[in-house]
Amino acid sequence: MALTTLEREAIPAVTRHRTLGQDMIAVAVIAVLAAAGYILFPDNLALLTRLIAIALLVLSLDLVTGYSGVATLGHAALFGAGAYAAGIVSAHYGISDPLLMTLAGILGGAVAGLVCSVVILRAHGLPQLVLSIALIYLFHEFANKASSWTGGSDGLSGIAPNPLFGSFEFDLYGHTAYIYAVVLLLIVLMLLRILVRSPFGMLCRGIRQDPLRIRAMGASPKVALIKMYVISGAVAGVGGALNAISTQVVGLDSLSFTQSAEALVMLVLGGTGSLFGALVGTLIFMLFEDYVSAANPFHWLTIVGALLILVVLFAPKGIYGTAVAYVARRREARA
């Protein structure tokens, strides 16, 4: 039976209402988990803050890899650029307001995203991966050589963020840094949820699936991907700035190939093309790595490797993606 005009107009409204409800539930779940972490692990707030910073990096990677189909193993360049930008404005220019440092991280990550996108998007497939690896090594070497600005192999120190809003100091226990990290994560997550459902987000998904058709429709895949890369860089820059503010030091490890590879592993572990999958993968990997390495410091990499093999073989969509697909199948079976 054909739908009436009123019924056709009601479908988008119902969909928007359902999506808004899902977003609010997700925010509530994250807020509850964050509160639980604050209460149950008061001595590990530094680890949880670091987890959120890396989660922002993985979210940014999901934008270009999961949603746009760009292969990269050098995404830590954007994270490190944000960290160094926030650290440099504080250590060298005395700009130590946390909000301004975060803004500097956003700008640094966005600029790095623009530079990387111009180079990486000139190739496809395996050459694209090679270019991304070359870029992360170039960023790493540049930061190492520019020691007067970055501290080189000794790291950039002298970062001293002022109290947040002039009242909340960044204490040694990490209370303020953790709360600030949770708020940043929630804000970024909601903005990204809006982005990936927007016409621009759908365009990038279309580019991942069939770039030739998108080009035939009159759109420019390269321009769209550059824009997405800049947005991704801004998100990674938030994570880098958060890491600089919370630890008050920036090292070359923030620009390492290992950091890029681990971010990709976390994304695959949770599930690509899903913001919540990126969060789940980061949470599982980092907590698993922390506790397993403490319990078995000599063989923990073997255990982590076995976990990844099991996930890839039996949950190819990632832990979160497989769970969502399973629930969807159960609902269809009941219907």
Side-chain angles (χ1 to χ4, degrees), residues 19-38 40-41 44-68 75-76 78-79 82 109 177-197 201 228 231-232 234-243 246 259-291 304 307-308 311-312 315-327:
T19 302
L20 179 61
Q22 292 174 348
D23 289 349
M24 297 307 296
I25 292 174
V27 169
V29 170
I30 294 174
V32 169
L33 291 176
Y38 186 89
L40 298 176
F41 306 102
N44 287 329
L45 294 182
L47 171 64
L48 297 180
T49 303
R50 167 74 175 172
L51 188 152
I52 293 175
I54 298 300
L56 290 167
L57 168 61
V58 180
L59 284 171
S60 70
L61 177 61
D62 198 20
L63 291 179
V64 298
T65 299
Y67 285 94
S68 304
H75 218 66
L78 285 58
F79 180 85
Y178 177 66
I179 295 173
Y180 184 54
V182 172
V183 173
L184 284 178
L185 176 63
L186 292 176
I187 293 174
V188 169
L189 181 62
M190 294 307 299
L191 291 177
L192 293 186
R193 288 284 288 175
I194 295 172
L195 173 69
V196 298
R197 293 196 302 262
M228 183 60 90
I231 296 172
S232 173
V235 175
V238 174
L242 174 61
N243 192 60
S246 60
Q259 184 71 78
S260 295
E262 287 185 350
L264 184 59
V265 168
M266 295 176 204
L267 180 59
V268 173
L269 183 63
T272 59
S274 169
L275 298 177
F276 297 123
L279 296 180
V280 170
T282 305
L283 178 66
I284 293 175
F285 182 88
M286 293 198 65
L287 293 182
F288 191 83
E289 179 185 45
D290 181 69
Y291 286 107
V304 171
L307 171 66
L308 296 176
V311 170
V312 171
K317 294 182 179 180
I319 295 175
Y320 178 82
T322 301
V324 170
Y326 175 77
V327 171

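As the structure is a computational prediction, the values presented were derived from the model and not from experiment.
- No side-chain heavy atom of L78 sits less than 4.5 Å from a side-chain heavy atom of L57.
- Here L192 contributes atom CG and L59 contributes atom CG; the two are 6.0 Å apart, rounded to the nearest 0.5 Å.
- Distance check, rounded to the nearest 0.5 Å: CG of N243 to CD1 of I52 gives 12.0 Å.
- Distance check, rounded to the nearest 0.5 Å: CG of L61 to CD1 of I54 gives 11.5 Å.
- Summarising the geometry, atom CG belonging to L195 is positioned 10.5 Å from atom OG belonging to S232; distances are rounded to the nearest 0.5 Å.
- The shortest distance between side-chain heavy atoms of L45 and L48 falls below 4.5 Å.
- A distance of 5.0 Å separates CG in L307 from CZ in F288, rounded to the nearest 0.5 Å.
- To the nearest 0.5 Å, atom CG of residue D62 and atom OG1 of residue T272 are 6.5 Å apart.
- Summarising the geometry of L242 relative to A181, their closest heavy-atom pair is CD2-CB, 3.4 Å, with the distance given to 0.1 Å.
- Take Y38 and apply the ring pair (Phe, Tyr, Trp, His ring centres under 6.0 Å) test, not counting sequence neighbours, and it matches H175.
- In this structure, the side chain of Y178 engages the main chain of A34 through a donor-acceptor pair within 3.5 Å.
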Let me have the donor-acceptor pairs involving side chains of residues 273-287, under 3.5 Å, with sequence neighbours excluded, atom names and distances please.
| unit_1 | atom_1 | unit_2 | atom_2 | d |
| --- | --- | --- | --- | --- |
| S274 | OG | G277 | N | 3.1 |
| T282 | OG1 | A278 | O | 2.8 |

Contacts table for residues 259-268: side-chain donor-acceptor under 3.5 angstrom, sequence neighbours left out:
| unit_1 | atom_1 | unit_2 | atom_2 | d |
| --- | --- | --- | --- | --- |
| Q259 | OE1 | R50 | NH2 | 3.0 |
| S260 | OG | H75 | N | 3.3 |
| S260 | OG | A76 | N | 2.9 |

